[in-house]
**Q** 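Got a structure for you, questions after.
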2 protein chains.
Amino acid sequence: MARSYLERDDLIPQLAEIFRRYGYEGASIGVISKETGAGRSSLYHFFPGGKEEMADAVLAQISDWFEDNVFVPLKEKPAEQALPEMAAAIEAYFHSGQRICLVGAFALDEVRNRFSERIEGYFARWCEALTQCLQEGARSQTEARQEAISTLAAIQGGIILARASGNDMAFQSAVAAALARAQRM
Amino acid sequence: MARSYLERDDLIPQLAEIFRRYGYEGASIGVISKETGAGRSSLYHFFPGGKEEMADAVLAQISDWFEDNVFVPLKEKPAEQALPEMAAAIEAYFHSGQRICLVGAFALDEVRNRFSERIEGYFARWCEALTQCLQEGARSQTEARQEAISTLAAIQGGIILARASGNDMAFQSAVAAALARAQRM
DNA sequence: TTTAATGTGTAACGATTGGTTCATAATGAA
DNA sequence: TTCATTATGAACCAATCGTTACACATTAAA
């Protein structure tokens, strides 16, 4: 039988896109209600903590997705397989830079302070997984970590450049160059 | 004699820091008034267009600063001099990544649409100046442009990582690596 | 000293903010 | 069918939003 009630988990991907589009401050409860089609009372029913709980749930969901689809593969698969897979995954996830990284955007915003643990954890875990992957070769850990940082910066910066220019090329070019560097060891 | 009235130009650097700190949506007129010490009427006296005009003036001021202190040197000086100068300038300007790039932050935000010309122009001119500088060597224009994009992405991404981790090292490492690559030609 | 221009404080505007209340409606298990 | 649980719509709250109006201060030039 068809479900006739909304569920909390169904809301989260929608909330993610709304926060991406409007930012944390710009996404008012009114906007969220209109865009999701859920009434105010429903939203507060699922997220008694209000907007802050909504954003936290979104960040948690994003973290989980990256854990399963990016971080774990990086740590478990050989580099020559894991790196192209990561490239494909983020190319698809970020829509060639036109879909922003919510965690990165929050890091630049004032809300960074409210979600600092989630933000810090996301990048720390990504950096750690990538470092471990790159260390597979002859590199020192220091070298591998620096390469990992450069790669993550290229991805985040690539998104900014792509959004600023309206041109996917900046993202693709920055990411491709970074991954080629990472792969060559 | 000391000036007893506020002037528009004195407000702009303060406004810039406020937008950096709170974001465009988060920087309410009330906050701006309190932080600058200027009354609402003074703010609207200097910026009849309201908050949008304030942000536009800030972006214009930032653009001018980079034009004079970064873009022109990149185009006029030899690469081996211009690149370290750019490195020093941005290291100081962005406080090792702890001071965000307002243009980059706006590019990720919904306000991007309102200031698209300014945002696009800022990165396009920076990219062009850097490309011209890098092309000085034996590189093709395509190669130089790709290196320029990678360098700008490293800077913007470095800021995000530094803010996310609270650690300057991510910025310094990403930028140093990018500039070492750019220099080596 | 007058005058016009420019800057500022106070108060208010209607609209919207995040958040709450509560009666009602839909649900699945007993 | 009963019943407790869960979901929802509508109205509401005080606070704040961006913006405006207007009287009053201050200024530099006449």
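Chain naming here is simple, since letters A, B, ... match the order of the sequence lines and numbering starts at 1 in each.
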**Q** Hey, does the side chain of B:Arg139 reach the backbone of B:Ala144 with a donor-acceptor pair shorter than 3.5 angstrom?
**A**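 No, B:Arg139 side chain to B:Ala144 backbone: no donor-acceptor pair under 3.5 Å.
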**Q** What integer distance in Å separates B:Phe47:CZ from C:dT8:P?
**A**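 Spelled out: CZ on B:Phe47 to P on C:dT8 is 12 Å.
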**Q** Rounded off to whole Å, could you give me the CZ-to-C1' distance for the A:Phe46 and C:dG19 pair?
**A** 17 Å
**Q** Are B:Glu128 and B:Arg125 ion-paired here, with the side-chain N under 4.0 Å from a carboxylate O?
**A**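 No, B:Glu128 and B:Arg125 are not salt-bridged.
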**Q** Among the candidates D:dT20, D:dT8, C:dG18, find the nucleotide nearest to the side-chain atoms of A:Ile29.
**A**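 Looking only at heavy atoms from C-beta outward on A:Ile29, the closest nucleotide is C:dG18.
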**Q** Restricting to non-hydrogen atoms, name the atom on A:Ala38 and the atom on A:Ser33 that form the minimum distance, rounded to 0.1 Å.
**A**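 Between these two residues, the closest heavy atoms are O-OG, 2.7 Å.
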**Q** For the pair made of OH in B:Tyr44 and P in D:dT19, what is the distance, rounded to whole Å?
**A**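 My rounded result for the distance is 4 Å.
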**Q** Report yes or no: does B:Lys51 contribute a side-chain atom to a donor-acceptor pair with the main-chain N or O of B:Ile29 at less than 3.5 Å?
**A** no
**Q** Which nucleotide in the set C:dG18, C:dT8, C:dA12 lies at the smallest distance from any side-chain heavy atom of B:Ser42?
**A**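 Selected nucleotide: C:dT8.
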**Q** For the pair made of CD in B:Glu7 and P in D:dT27, what is the distance, rounded to whole Å?
**A** 13 Å
**Q** Taking only the side-chain nitrogens and oxygens of A:Ser28, find out if one of them lies under 4.0 Å from OP1 or OP2 of C:dT16.
**A** no
**Q** I'd like to know if A:Arg40 reaches the base of C:dG19 with its side chain, counting only an N/O donor and acceptor under 3.5 Å.
**A** yes
**Q** In whole Å, what is the span from the CG atom of B:Leu43 to the P atom of C:dG9?
**A** 10 Å
**Q** Assuming nearest nucleotide by heavy-atom distance, tell me which of A:Gly30 and B:His45 is located more 5' along DNA chain C.
**A** B:His45
**Q** Rounded to the nearest Å, what distance is computed from the CD atom of residue B:Glu25 to the C1' atom of nucleotide D:dG18?
**A** 11 Å
**Q** Can you tell me whether the side chain of A:Ser41 and the base of D:dG9 have a donor-acceptor pair closer than 3.5 Å?
**A**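 Pair found.
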**Q** To the nearest Å, give me how far apart OH (B:Tyr24) and P (D:dC17) are.
**A**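 It works out to 14 Å between those atoms.
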**Q** For the atom pair CD (A:Gln156) and CD1 (A:Ile100), what is the distance rounded to the nearest 0.5 Å?
**A**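 A:Gln156 CD to A:Ile100 CD1: 9.5 Å, rounded to 0.5 Å.
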**Q** Separation of A:Met54 atom CE from C:dG19 atom C1', in whole Å?
**A**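 So the two atoms are 10 Å apart, to the nearest Å.
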